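When reading the values below, keep in mind they use all heavy atoms of this one structure, side chains included, and skip hydrogens, waters and symmetry mates. Treat the numbers as computed from the prediction; the structure is a model and nothing was measured. Chain A is the first sequence line, chain B the second, and so forth, proteins listed ahead of strands; every chain is numbered from 1.
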Protein chains: 2
Amino acid sequence: MKDDKKYARIFRAVLKLVAKKGLAGMTMGDISKEAGIATGTLYVYFDNKDALINALFAACRENSVTVSFRGYDARQPFKPGFRSIWMNILRYRLQHFEEFIFLEQCYHSPYITAATREKARELAEPFYALMARGQAEQLIKNVEKDLLITVIIGSMNELVKQIHYSGTALTKNRMSITFDLCWDAIKA
Amino acid sequence: MKDDKKYARIFRAVLKLVAKKGLAGMTMGDISKEAGIATGTLYVYFDNKDALINALFAACRENSVTVSFRGYDARQPFKPGFRSIWMNILRYRLQHFEEFIFLEQCYHSPYITAATREKARELAEPFYALMARGQAEQLIKNVEKDLLITVIIGSMNELVKQIHYSGTALTKNRMSITFDLCWDAIKA
DNA sequence: TTTTATGGTGAATAAATATTCACTTATATT
DNA sequence: AATATAAGTGAATATTTATTCACCATAAAA
């Protein structure tokens with residue numbers, strides 16, 4: 001019986017290695033060593049390197065969406081609800097920077113198959129629904145939802161990178177300021 | 001005498017290959033074949049694969065800044081000046097998507113040395129100066145310039161990706177809408 | 001023209017790396 | 001306990017890939 005904990009250990013090893021050496025430089029040998037198992041064992045759990053990476057990509061994407069909406073209650077007013085989701089995402093990406101980098105690396109990578117990409121796209125559905133609600137309540141601009149999401153997610157991702165690489169701490173204050181920039185962009 | 005046209009052909013080949021196969025999957029053999037030269041010739045022009053990639057990275061970054069400020073005249077009012085720069089960048093990244101992808105790939109890659117990264121950072125100077133001007137004229141928010149640039153560049157990069165991968169055309173109208181989102185974010 | 005230097009070549013070499021497999025160990029089933 | 005089934009191993013293999021090098025082509029210098 002395959003061990004869930006072993007899947008987790010393999011995944012953790014990959015995340016660590018990708019952050020350090022990039023998808024490119026990470027060998028199966030590296031992974032097994034980092035995970036503390038034999039190279040052959042990787043092939044018990046996954047068909048090959050591609051399959052391993054696709055599986056991790058799917059898991060990360062799914063996890064990412066779950067985390068975003070944690071604690072979100074559709075009955076509360078729109079803006080504080082949106083704010084809490086925004087903060088959730090930002091905090092999670094900063095605290096799990098390796099996961100964030102891995103997803104970014106995968107984005108253009110030939111490792112990721114068309115099927116995996118398609119599944120990832122479907123996961124974005126809740127964000128479209130959120131934009132629809134804001135528009136229905138006339139709180140945010142009535143423009144294509146794609147453009148709104150693009151501005152929100154794009155600026156957040158860049159913020160995460162900037163924070164991480166500059167080494168400066170992201171204070172509550174700076175988070176709040178950046179949220180306000182973002183809100184001003186989309187507010188009606 | 002080494003041939004400038006050959007440098008250009010090698011660079012063009014790399015950009016094409018990275019867009020297709022990622023930094024990971026691109027071999028020196030692929031590059032020479034795509035450029036129509038012998039593998040050994042690559043080593044006449046560059047010490048090794050790392051050096052090749054670093055050289056191209058530096059060239060792309062420099063080019064990117066040059067293009068951004070093309071046609072910018074500091075004597076015209078701030079907002080139209082800023083708008084023309086914003087449009088310059090967006091248009092260039094869409095038209096040279098391969099270059100954009102290459103730079104993104106390099107961002108976290110171990111191929112890129114610390115020295116190359118440092119040089120790239122210095123190139124961002126004109127953007128800080130631009131923010132300073134906008135703040136001095138009290139047209140844009142008086143918050144950390146880093147945060148402003150992050151929102152501007154981050155949302156634009158995401159837009160470029162979204163446009164490219166969704167296959168939808170970016171009409172003048174959609175460009176204008178997105179610029180307005182961006183402007184609302186930063187305006188005082 | 002001869003000499004020298006440099007660009008160009010691609011098969012050969014040396015590493016690096018994914019994958020396999022014969023075998024061991026653990027766990028479930030009878 | 002005996003047997004069957006599946007997980008785990010890591011050295012050996014097959015493949016891929018960066019890099020070299022002995023040689024050819026070209027063009028400038030003598």
Trainee: Indicate, with yes or no, if the rings of B:F127 and B:F69 have centres closer together than 6.0 Å.
Mentor: yes

Trainee: Can you check the A:K33 NZ to D:dT9 P distance for me, whole Å?
Mentor: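 Checked: the NZ to P distance equals 16 Å.
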
Trainee: I'd like to know whether CD of A:Q76 has more than 12 heavy-atom contacts from other residues, nucleotides or ligands below 6.0 angstrom.
Mentor: yes

Trainee: Specify the separation, in whole Å, of atom OH of A:Y43 and atom C1' of C:dC23.
Mentor: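 Result: 19 Å.
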
Trainee: Rounded to whole angstroms, how far apart are CG on B:D50 and C1' on D:dT19?
Mentor: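 Rounded to the whole Å, the gap is 13 Å.
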
Trainee: Using only atom types and a distance under 3.5 Å, with no angle test, would you say the side chain of B:R70 pairs donor to acceptor with the backbone of B:V65?
Mentor: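 Not at all, since once roles are kept as given, no pair shorter than 3.5 Å links the two residues.
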
Trainee: Rounded off to whole Å, could you give me the CE-to-P distance for the A:M28 and C:dT17 pair?
Mentor: 13 Å

Trainee: Nearest whole Å is fine: how far is D:dT17 C1' from B:L17 CG?
Mentor: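 Roughly 14 Å, once rounded to whole Å.
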
Trainee: Whole-Å distance between D:dT19 C1' and B:N48 CG?
Mentor: 9 Å

Trainee: Quick one: which residue pairs count as a ring-ring contact (aromatic ring centres under 6.0 Å, His included) with a foot in residues 166-188 of chain B, not counting sequence neighbours?
Mentor: B:F82-B:F179, B:F82-B:W183, B:W86-B:F179

Trainee: Could you tell me how far apart A:D47 (CG) and C:dC21 (C1') are, to the nearest whole angstrom?
Mentor: 16 Å

Trainee: Can you name the atoms? Protein N/O to nucleotides 9-16 of chain C N/O, anything below 3.5 Å, with the distance.
Mentor:
{"residue": "C:dT9", "atom": "OP2", "partner": "B:A38", "partner atom": "N", "Å": "3.2"}
{"residue": "C:dT9", "atom": "OP2", "partner": "B:T41", "partner atom": "OG1", "Å": "2.5"}
{"residue": "C:dG10", "atom": "N7", "partner": "B:G40", "partner atom": "N", "Å": "3.2"}

Trainee: Mind telling me whether A:F46 and A:Y7 have parallel, tilted or perpendicular rings, with 30° and 60° as the class edges?
Mentor: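 A:Y7 and A:F46: perpendicular rings.
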
Trainee: Think B:Y45 has a side-chain N or O under 4.0 angstrom from the OP1 or OP2 of C:dG8?
Mentor: yes

Trainee: Expressed in angstrom and rounded to an integer, what is the separation of B:M26 atom CE from D:dT16 atom P?
Mentor: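 After rounding, the reported distance stands at 18 Å.
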
Trainee: Whether A:K187 and A:D184 form a salt bridge (side-chain N of Lys/Arg under 4.0 Å from carboxylate O of Asp/Glu) is what I want to check.
Mentor: yes

